[in-house]
Amino acid sequence: ASQGPYTTEQLNIWYLQGYMSADREVWKDTGVVGEMPDFVKLGSVPELCAPAQGKVADALLQQQQYAQQQQLMLQQQQE
């Protein structure tokens, strides 16, 4: 089932967090008006699999910090 559209930043974050693999197929705009986008491997799209920079890096860091806080709270509840 198709979902989205998602931003480049969101796809980049999911890829860097390991939720999407490099062989996952994504739509890539062909740049030709009226032409349907092509399905390509995520790993072939540099802006989706490049290391996080700027806003993406900040968002990724915030998500990681939140996940760590949630894990710590869960551990404390189990003690």
Side-chain angles (χ1 to χ4, degrees):
S2 294
Q3 296 181 359
Y6 298 106
T7 66
T8 299
E9 289 177 346
Q10 187 61 58
L11 291 171
N12 184 240
I13 289 169
W14 288 336
Y15 174 75
L16 294 171
Q17 290 180 327
Y19 293 116
M20 298 176 73
S21 64
D23 63 349
R24 174 77 178 246
E25 290 193 335
V26 297
W27 279 33
K28 181 163 174 58
D29 190 353
T30 62
V32 178
V33 176
E35 190 172 298
M36 290 294 293
D38 289 332
F39 276 102
V40 298
K41 304 282 185 199
L42 185 146
S44 71
V45 184
E47 60 266 34
L48 296 181
C49 61
Q53 298 176 359
K55 290 181 183 178
V56 173
D58 292 342
L60 183 58
L61 180 59
Q62 287 177 358
Q63 286 184 356
Q64 288 173 337
Q65 289 172 340
Y66 178 77
Q68 289 171 348
Q69 289 171 348
Q70 295 300 313
Q71 283 181 329
L72 181 59
M73 286 176 30
L74 184 60
Q75 288 173 351
Q76 290 173 345
Q77 290 174 355
Q78 293 175 351
E79 293 177 353

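A quick note: this is a predicted structure, and the numbers were derived from the prediction, not measured.
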Inset, instruction - Write down the atom of Asn12, the atom of Leu48, and the distance for their closest heavy-atom approach. - result: ND2-O, 2.9 Å
Legend entry - Non-hydrogen side-chain atoms of Val40 and Val26 separated by less than 4.5 Å: yes
Inset, instruction - To the nearest 0.5 angstrom, please state how far the CD atom of Gln68 sits from the CD atom of Gln71. - result: 7.0 Å
Inset, instruction - Indicate if Tyr19 and Val45 have the same hydrophobic cluster label, given that clusters are the connected sets of ILVMFWY residues with side-chain heavy-atom separations under 4.5 angstrom. - result: yes
Legend entry - Nearest atoms (heavy-atom pairs only) where Met20 meets Arg24: CE-CG, 3.7 Å
